[in-house]
Amino acid sequence: MKLVKRDINMTDKDQSGFATMVPEESEDMWHAYNMISKGDYVTASTMRKVQQESSTGSSTSTRVHTKVTILVEAVDFDTTACHLRLKGKNSAENKYIKMGAYHTVDLEMNRSFTLHKAVWDIVDLERLELAVDVAKSADVGAIVMQEGLANICLVTSSMTTVRAHIDMSIPRKRRGNCSQHEKGLQRFYDAVLQAMLRHFDFSVIKCIVIASPGFVKDQFFEHMYTEAVKTDNKLLFEIKPKFVLVHSSSGHKYALKEVLQDPSVASRLADTKAAGEVKALDTFFQTLQSEPDRAYYGIKHVEYAAARQAVGVLMVTDELFRASDVRTRKRYVQLIEDVKGNGADVKIFSSLHVSGEQLGQLTGVAAILRFPLPEIEDEADDSDEDSDADKDSGGDDDADDSGAAANGRRTSSAAVSIAATAR
């Protein structure tokens, strides 16, 4: 993301202001999606269909190029195409669009847009810094496969996208005749190879992981270089050192988590954000099993630990900051500010990473504590009882608090099953 202009009043309590940016790659659209919220103002170029009536009474419609400022009411993001669409009311005088008229804006690559916010909180500012960071992230290509099934994935610092999904029927081996099985495998390997060549930019990708159960990965790798010799594909020989072959339990996308934990892959990804997230989540699950009084999830449990300056590592999914309720977002922002003020390490997980998806199953917020707090369970129970009493007496309490507390108990079957899967 290219930052054209930034004018944010850091001395103001609310830190209001604007930033003008130019998306330069598909991942920049993901950053924009996480920064733009309902109630923000966005100025961007757009096309508008305009009806014009001639003196004879006939009307013609033309599409005109104009600049519009809308008050955002809805944000839609297509994770496959990395396409971002904003919907809202026009809030500035325009020759072609009436004030208050609804308009849809599609943010485009290499076209600037300006984001105006009444409040730039700490999460927004960190996302902006991450988006405009000129340091190149170590992008990774991954092929997770088994016989007849393959997922071609791109793993960047902020998201994991499945670029191609290949599902083919492979004939079974028959006694005395394996020719149909072998032909089916050859067709499958050819399809995977063509998908890899089509979707991977080898000038950017620094590591290509091929993972599978059994010997499928080895057979595909051998097939790939046999074809490279036949077709005289010099590119494949140039990038041969980039390939890493590792074991996975299956060819499905969720197997990426165990693939990224493999030591041979982790060493290649040592400086990437994705590797740090995977390592932190793995440490959380290990702590949950070995020292359960130092690993908690759920907003109430984590807030209790934060109030006692016990949080050592805080893990939060970015999905929580896209909440339509302003109070909910402010609550998580305040939590991050509090634990950072106490010197804790904060990791904001991308919901498009497999690690972010797994954290999302644990309410989206979890913490590894500096020291045990076994009393958290009792305190949360007392808090729930007080909350129920307030509701019975007509008091008003946040519904999401009780839900998060209920889901946040480390003894829940969900935590046990997810931890078992992580292991």
Asker: Indicate yes or no for a side-chain donor-acceptor contact from Trp120 to the backbone of Ile8 under 3.5 Å, with no hydrogens or angles considered.
Answerer: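 A pair under 3.5 Å: no.
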Asker: I need the Ile143 CD1 to Cys153 SG distance, nearest 0.5 Å.
Answerer: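 So the gap between those two atoms works out to 9.0 Å.
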Asker: Who are the salt bridge (Lys or Arg N to Asp or Glu O under 4.0 Å) partners of Glu337, not counting sequence neighbours?
Answerer: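 For Glu337, no residue satisfies salt bridge (Lys or Arg N to Asp or Glu O under 4.0 Å) once neighbours in sequence are set aside.
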Asker: According to side chain to side chain donor-acceptor pair (under 3.5 Å), does anything in residues 185-202 pair up with another residue at least two apart or in another chain? List the pairs.
Answerer: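 For residues 185-202: Gln186-His223, Tyr189-Gln219, Asp190-His223, Asp201-Ser203.
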Asker: Is a donor on one side and an acceptor on the other found under 3.5 Å between the side chain of Asn94 and the backbone of Asn90?
Answerer: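 Between the backbone of Asn90 and the side chain of Asn94 there is no qualifying donor-acceptor contact (under 3.5 Å).
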Asker: Of all the heavy-atom pairs spanning Gln146 and Gly251, show the shortest one and how long it is.
Answerer: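 Here Gln146 and Gly251 meet closest at OE1-N, 2.8 Å.
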Asker: In the structure I gave you, are the side-chain heavy atoms of Tyr254 and Gln358 within less than 4.5 Å of one another anywhere?
Answerer: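 A side-chain contact under 4.5 Å is absent here.
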Asker: Please determine whether a side-chain nitrogen of the Lys or Arg among Asp40 and Lys117 lies less than 4.0 Å from a carboxylate oxygen of the Asp or Glu.
Answerer: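 Salt bridge between Asp40 and Lys117, a charged N being under 4.0 Å from a carboxylate O: yes.
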Asker: When you compare the side chain of Val105 with that of His103, does any pair of heavy atoms fall below 4.5 Å?
Answerer: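 When only atoms from C-beta onward are counted, Val105 and His103 do touch, with a gap below 4.5 Å.
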Asker: Using the side chain to side chain contact (heavy atoms under 4.5 Å, CB included) rule, pick out the option among Leu84, Asp318, Leu107, Asp76 that qualifies with Tyr33.
Answerer: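 So the option named by the test is Leu84.
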Asker: Can you check whether Thr104 reaches Leu86 side chain to side chain, under 4.5 Å on heavy atoms?
Answerer: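 With C-beta onward as the side chain, the pair stays apart.
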Asker: Out of curiosity, His301 NE2 to Leu369 CG, how far, rounded to the nearest 0.5 Å?
Answerer: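 Output value for this atom pair is 11.0 Å.
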Asker: Could I get the full list of side chain to side chain contact (heavy atoms under 4.5 Å, CB included) partners for Val246, not counting sequence neighbours?
Answerer: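 Side chain to side chain contact (heavy atoms under 4.5 Å, CB included) check on Val246 returns Val209, Ala211, Val244, Val259, Asp262, Ser264, Val265.
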Asker: Quick one: do the Ser249 and Glu258 side chains pair a donor with an acceptor below 3.5 Å?
Answerer: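 Glu258 and Ser249 do have a side-chain donor-acceptor pair below 3.5 Å.
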Asker: How would you list, by chain and number, every residue that makes a side-chain hydrogen bond (donor to acceptor under 3.5 Å, both in side chains) with Arg370, sequence neighbours excluded?
Answerer: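 Partners of Arg370 under the side-chain hydrogen bond (donor to acceptor under 3.5 Å, both in side chains) test: none.
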Asker: Determine, for Glu227 against Lys230, whether the closest basic-nitrogen to carboxylate-oxygen distance falls under 4.0 angstrom.
Answerer: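 Looking at Lys230 together with Glu227, the answer is yes, because their closest N to O distance falls below 4.0 Å.
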Asker: For the residue pair Val333 and Val123, what are the closest heavy atoms and their distance?
Answerer: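 So the two residues come closest at CG2-CG2, 4.0 Å.
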Asker: Say you draw a straight line from CE of Met196 to CG of Leu193; how long is it, rounded to the nearest 0.5 Å?
Answerer: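 Reported value, rounded in 0.5 Å steps: 5.0 Å.
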Asker: Take Leu154 and Val140, measure what side chain to side chain contact (heavy atoms under 4.5 Å, CB included) needs, and give me the verdict at the end.
Answerer: CA-CA 6 Å; Leu154 280 177; Val140 178; over 6 Å; no
Asker: Which residues satisfy the side-chain hydrogen bond (donor to acceptor under 3.5 Å, both in side chains) test with Arg163, sequence neighbours excluded?
Answerer: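 With sequence neighbours excluded, Arg163 shows a side-chain hydrogen bond (donor to acceptor under 3.5 Å, both in side chains) to no residue whatsoever.
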Asker: Without swapping roles, check the side chain of Lys347 against the backbone of Leu314 for a donor-acceptor pair under 3.5 Å.
Answerer: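 A pair under 3.5 Å: no.
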Asker: Hey, which of Thr69, Thr20, Thr114 is the one that makes side chain to side chain donor-acceptor pair (under 3.5 Å) with Thr43?
Answerer: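 Of the listed options, the one satisfying the test is Thr69.
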Asker: Quick check for you: to the nearest 0.5 Å, what is the distance between Arg294 atom CZ and Leu288 atom CG?
Answerer: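 Those atoms lie 11.5 Å apart.
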Asker: In plain terms, say whether Asp106 and Arg111 are close enough for a salt bridge, that is, a side-chain N and a carboxylate O under 4.0 Å apart.
Answerer: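 Looking at Asp106 and Arg111, the cut-off is not met.
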Asker: Nearest 0.5 angstrom please: Lys257 NZ to Ser355 OG, how far?
Answerer: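 Output value for this atom pair is 8.0 Å.
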Asker: Kindly check if the number of other-residue, nucleotide or ligand heavy atoms within 6.0 Å of OH (Tyr41) is above 12?
Answerer: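 Counting other residues, nucleotides and ligands, OH of Tyr41 stays at 12 neighbours or fewer.
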Asker: Between Glu73 and Gly88, is there a donor-acceptor pair closer than 3.5 Å when you use the side chain of the first and the backbone of the second?
Answerer: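 The answer is no, because no donor-acceptor pair under 3.5 Å joins these two groups.
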Asker: Please list, chain by chain and in numerical order, all residues satisfying salt bridge (Lys or Arg N to Asp or Glu O under 4.0 Å) with Glu222, sequence neighbours excluded.
Answerer: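 Residues passing salt bridge (Lys or Arg N to Asp or Glu O under 4.0 Å) with Glu222: none at all.
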Asker: Restricting to salt bridge (Lys or Arg N to Asp or Glu O under 4.0 Å), what partner residues turn up for Asp28, sequence neighbours left out?
Answerer: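 With sequence neighbours excluded, Asp28 shows a salt bridge (Lys or Arg N to Asp or Glu O under 4.0 Å) to no residue whatsoever.
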Asker: Start with the C-alpha gap between Lys253 and Glu357, add the side-chain angles, then the distance that decides, and say whether salt bridge (Lys or Arg N to Asp or Glu O under 4.0 Å) holds.
Answerer: CA-CA 11 Å; Lys253 180 188 172 184; Glu357 292 175 1; 3.3 Å; yes
Asker: Can you list every salt bridge (Lys or Arg N to Asp or Glu O under 4.0 Å) pair that touches residues 141-150, not counting sequence neighbours?
Answerer: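 Of all non-adjacent pairs touching residues 141-150, none passes salt bridge (Lys or Arg N to Asp or Glu O under 4.0 Å).
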Asker: What's the shortest heavy-atom distance between Ser351 and Trp30, and which atoms?
Answerer: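 The pair with the smallest heavy-atom distance is OG-CH2, 3.5 Å.
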Asker: Return the set of residues passing side-chain hydrogen bond (donor to acceptor under 3.5 Å, both in side chains) with His252 (not counting sequence neighbours), or none when no residue passes.
Answerer: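 For His252, no residue satisfies side-chain hydrogen bond (donor to acceptor under 3.5 Å, both in side chains) once neighbours in sequence are set aside.
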Asker: Is a donor on one side and an acceptor on the other found under 3.5 Å between the side chain of Asn342 and the backbone of Asp338?
Answerer: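 Looks like yes, one N/O pair under 3.5 Å.
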Asker: So, for Ser250 and Ser248, which heavy atoms are closest and what is the spacing to 0.1 Å?
Answerer: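 Shortest heavy-atom separation between Ser250 and Ser248 comes out as O-OG, 2.8 Å.
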Asker: Looking only at non-hydrogen atoms, find the nearest pair between Leu3 and Ala19 and report the distance.
Answerer: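 Reported closest heavy-atom pair: CD1-CB, 4.3 Å.
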Asker: Is it the case that Lys240 places NZ or CZ above or below the six-membered ring of Tyr225, under 6.0 angstrom from the centre and within 45 degrees of the axis?
Answerer: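 Pair Lys240/Tyr225 counts as cation-pi.
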Asker: State which residues pass salt bridge (Lys or Arg N to Asp or Glu O under 4.0 Å) with Lys5; sequence neighbours excluded, sorted by chain then number.
Answerer: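 Residues passing salt bridge (Lys or Arg N to Asp or Glu O under 4.0 Å) with Lys5: none at all.
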Asker: Once you round to the nearest 0.5 Å, how far does OH of Tyr332 lie from CD of Glu303?
Answerer: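 Spacing of OH (Tyr332) from CD (Glu303) equals 8.0 Å.
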Asker: Once the angle between the rings of Tyr297 and Phe284 is folded into 0 to 90°, is it parallel (under 30°), tilted (30 to 60°) or perpendicular (over 60°)?
Answerer: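 Taking Phe284 first and then Tyr297, their aromatic rings stand perpendicular (interplane angle over 60°).
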Asker: So, are Lys330 and Asp121 salt-bridged, with charged N and O less than 4.0 Å apart?
Answerer: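 Looking at Asp121 together with Lys330, the answer is no, because their closest N to O distance does not fall below 4.0 Å.
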Asker: Among residues at least two apart in sequence or on other chains, which ones pass side-chain hydrogen bond (donor to acceptor under 3.5 Å, both in side chains) with Lys87?
Answerer: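 Applying side-chain hydrogen bond (donor to acceptor under 3.5 Å, both in side chains) to Lys87 gives none.
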Asker: Only counting residues at least two apart or in another chain, list the ones meeting side chain to side chain contact (heavy atoms under 4.5 Å, CB included) with Phe371.
Answerer: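 Expected list: Ala310, Leu373.
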